Amino acid sequence: MGRVTSMTNKTVEDLISRSNRLGADKRNTNFAGGNTSAKGTEKDPVTGEDVQLLWVKGSGGDLGTLKAENLAVLRLDRLNALKNVYPGVEREDEMVAAFDYCLHGKGGAAPSIDTAMHGLVDAAHVDHLHPDSGIAIATAVDGEALTTKIFGNKVLWVPWRRPGFQLGLDIATIKEANPQAIGTILGGHGITAWGATSEEAEQNSLWIIEQAEKYIKDNGKAEPFGSRLPGYAALPEAERRAKAAALAPVIRGLASTDKPQLGHFSDDAVVLDFLEAAEHPRLGALGTSCPDHFLRTKVKPLILDLPADASIEDSIARLHELHADYREDYQAYYDRHADAGSPALRGADPAIVLIPGVGMFSYGANKQTARVAGEFYINAINVMRGAEAISTYAPIEESEKFRIEYWALEEAKLARLPKPKSHATRIALVTGAASGIGKAIATRLAAEGACVVIADLNLENAEKVATELGGPDVAIGVQADVTDEAQVAAAIDTAVLAFGGVDLVVNNAGLSISKPLLETTEKDWDLQHNVMAKGSFLVAKAAAKVMIAQGLGGDIIYISSKNSVFAGPNNIAYSATKADQAHQVRLLAAELGEHGIRVNGINPDGVVRGSGIFAGGWGAKRAAVYGVDEEKLGEYYAQRTLLKREVLPEHVANAAAVLTSNELSHTTGLHIPVDAGVAAAFLR
């Protein structure tokens, strides 16, 4: 009941508006970082009396997109009563479970670890944010003195403490003892601010951020990262993106040693500038500080220690060496701090890989996580720049980072994540995917968790489909004429830079011209063979190169046809090229098996509804051959099958999804008929 009525509560409306404004500006906080709260009154539906409540951003939400359902709703009297049973800092994690006994009604979203910071502070409205400028002060070696110098007694210093109940008590004590204060700098972490009204809290938050920015700008060194390293400047755009595309599959393979990862590439000027500066190796090794940062980026990145013009071959060789060192170093970090109660090591691969002159590769379990990890490392670079400009960057101790990274509460949060879908972490490129069978396959693969590249002659249609599937964290559209090797290579490079690599390719692009032998021209023959036989060859070749470089296996699917094994009338060019595609499946299955790449085919028939080929005139011609009305062609095809069922694009998509899932992990060189049963096309 409380959750329903809060939807129309003015306090909640103001909180949502403030949160969205603060979260929309990345200067204020990073994606999903920080939290906001408001205290107010509602009627208790049981007693009919007013009850004091706390609304606070729940676990996992994002301020920029926060909605009422993302708020945890707790009774203030019960939350404050927890102070009477608080067992001390050594057992403060128990308080998170206690929050469940403070919920109002169903309580909305799950309360986060920061709930105490909001509920225990005697202010109607509280903001906790992770602004780059604020964290720069928080991570400066003399951060406490700087806080006094910049803010006077309006903003107080709180020494580093892991988020939790005790931190909430600390901030509450500071506010009570300093009625003139509007907020705090949390050592190594971020800021808090408060106010009697939502507007006042927001203004105080922004004032702290702006004052920190102004102080750094007015007093900072011109080159906080040191002098420029010769040979480490950014490569020209085309050259650096070409190098990035060449390195990306190898790096993704390394980053996926423990478990498959999706990738994101950024050549943001912030990254390129950092990697050109002399101090980047020292600062990179110190690692990030704000918990939100290193939980996404790991404690430190892997940095290639070669100049921008290093060859691809030398870069790859050195990356392999550095990756082995990184894994050993991470294992040692774990061993230094783990005890009998620590969660198991989650993986020793880097989440951030930095290539001088080229940019940054970031990795995660899905595209959004990979992208956001990169955004967080850009935040970390900005923090280091600010701290080095006015002082010396001094992040929290390594032992404290471990306490958070391998926190039992963090482990429990990870355990609550939904089970990955069948194609999670897989990157698919589907040709001819803007319509018909290709679109159906792309849609199904995206629904199963894959990231999908919609490749089509028509870029506008490809981009439209990509948007329908969820936009750039799920799908992108690219223009590709599969008969042109350069366009195929460009499409593969786009896939690699967008998602990290390629795991799954569907050769679906095709067309058909239905003519008898004597009317089939050389142009007809060449067109169909160029698009389907040659096009499939070019796509498979380019994709296989990436798959081999990744070392993660892969799938290549050919949408051939019942006509690849069935001899029908007036169909010489189309059927011959489909037979070519069908045999490419066998040839490539035999050749690529040693790399763990499976190659299989699907033989559809009679896919009329939703088919781009049939809509383009093929349907009318086949209807004329069989002496039926074109609109009855699907029914005609169905009646000649054993199952008497019409075949739709979605049925072909089903086969593609199953063939590329782990359910058929030991199957290669297979052709699956999707034709509702055509005895003459049975495979022998």
Side-chain angles (χ1 to χ4, degrees), residues 229 231-267 271-272 274-276 280-281 284-285 298 300-330 347-364 370 373-374 377 425 427 429 488-503 505 541-554 592 594-597:
L229 290 171
Y232 279 69
L235 296 170
E237 183 178 6
E239 188 176 343
R240 70 173 179 262
R241 294 185 76 82
K243 188 172 184 179
L247 294 176
V250 174
I251 299 174
R252 180 181 179 227
L254 295 174
S256 300
T257 299
D258 288 320
K259 55 185 176 183
Q261 299 284 289
L262 285 168
H264 177 76
F265 172 70
S266 172
D267 54 359
V271 176
L272 296 171
F274 176 65
L275 293 174
E276 188 184 354
H280 83 262
K298 277 203 161 133
K300 60 184 178 182
L302 186 157
I303 306 177
L304 178 63
D305 52 1
L306 294 176
D309 63 356
S311 69
I312 300 296
E313 294 73 21
D314 288 348
S315 298
I316 289 173
R318 184 61 179 145
L319 282 165
H320 278 278
E321 294 172 353
L322 291 170
H323 178 252
D325 292 344
Y326 188 99
R327 289 177 61 83
E328 287 182 12
D329 183 66
Y330 189 85
D349 297 317
I352 304 291
V353 178
L354 302 174
I355 310 295
V358 177
M360 170 176 59
F361 296 90
S362 53
Y363 296 94
Y377 199 77
T425 75
I427 303 157
L429 183 144
V488 169
I492 294 290
D493 284 353
T494 300
V496 163
L497 293 180
F499 299 119
V502 175
D503 303 306
V505 161
K541 180 181 177 181
K545 182 180 178 182
V546 171
M547 293 177 189
I548 292 169
Q550 290 175 152
L552 301 174
L592 298 177
E594 66 178 289
H595 301 291
I597 300 171

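These figures come from a predicted structure and were not determined experimentally.
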Shortest non-hydrogen separation from [X] to [Y] and the atoms involved:
| X | Y | value |
| --- | --- | --- |
| Pro350 | Ala255 | O-CB, 3.9 Å |
| Tyr363 | Ala373 | O-CB, 4.2 Å |
| Asp258 | Gly347 | OD2-CA, 3.2 Å |
| Ile427 | Phe499 | CD1-O, 3.3 Å |
| Leu497 | Ala244 | CD2-CB, 3.7 Å |
| Phe274 | Leu354 | CE2-CD1, 4.3 Å |

Looking at [Y], is its backbone amide N or carbonyl O close enough to the side chain of [X] to form a donor-acceptor pair, meaning the two atoms are under 3.5 Å apart?
| X | Y | answer |
| --- | --- | --- |
| Ser362 | Ile352 | no |
| Arg252 | Leu262 | no |
| Gln550 | Val502 | yes |

Using 0.5 Å steps for rounding, measure from the [atom1] atom of [X] to the [atom2] atom of [Y].
| X | Y | atom1 | atom2 | answer |
| --- | --- | --- | --- | --- |
| Leu322 | Leu304 | CG | CG | 6.5 Å |
| Gln261 | Leu254 | CD | CG | 12.5 Å |
| Ile316 | Leu247 | CD1 | CG | 6.0 Å |
| Leu429 | Ile492 | CG | CD1 | 5.0 Å |
| Phe361 | Leu302 | CZ | CG | 12.0 Å |
| Ser266 | Leu272 | OG | CG | 7.5 Å |

**Report entry** Pairs flagged by salt bridge (charged side-chain N to carboxylate O under 4.0 Å, His left out) wherever residues 301-314 is involved - sequence neighbours left out
**Finding:** Asp305-Arg318

Report task. Among residues two or more places apart or on two chains, list those pairs meeting salt bridge (charged side-chain N to carboxylate O under 4.0 Å, His left out) that have a residue in residues 233-249. Result -> Arg240-Asp267, Arg241-Asp267

Query raised in the report: Side chains of Tyr377 and Val271: closer than 4.5 Å at any heavy-atom pair?
Result: no

Query raised in the report: Is Leu275 close to Ile303 at the side-chain level, that is, under 4.5 Å between some pair of heavy atoms?
Result: yes

Kindly write out the residues that satisfy side-chain hydrogen bond (donor to acceptor under 3.5 Å, both in side chains) with [X], not counting sequence neighbours, or none if the list is empty.
| X | answer |
| --- | --- |
| Lys298 | none |
| His280 | none |
| Tyr326 | none |
| Asp349 | His323, Arg327 |

Query raised in the report: Pick one: which of Asp503, Val505, Leu552 meets side chain to side chain contact (heavy atoms under 4.5 Å, CB included) with Met547?
Result: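 The side chain to side chain contact (heavy atoms under 4.5 Å, CB included) with Met547 is passed solely by Val505 among Asp503, Val505, Leu552.
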
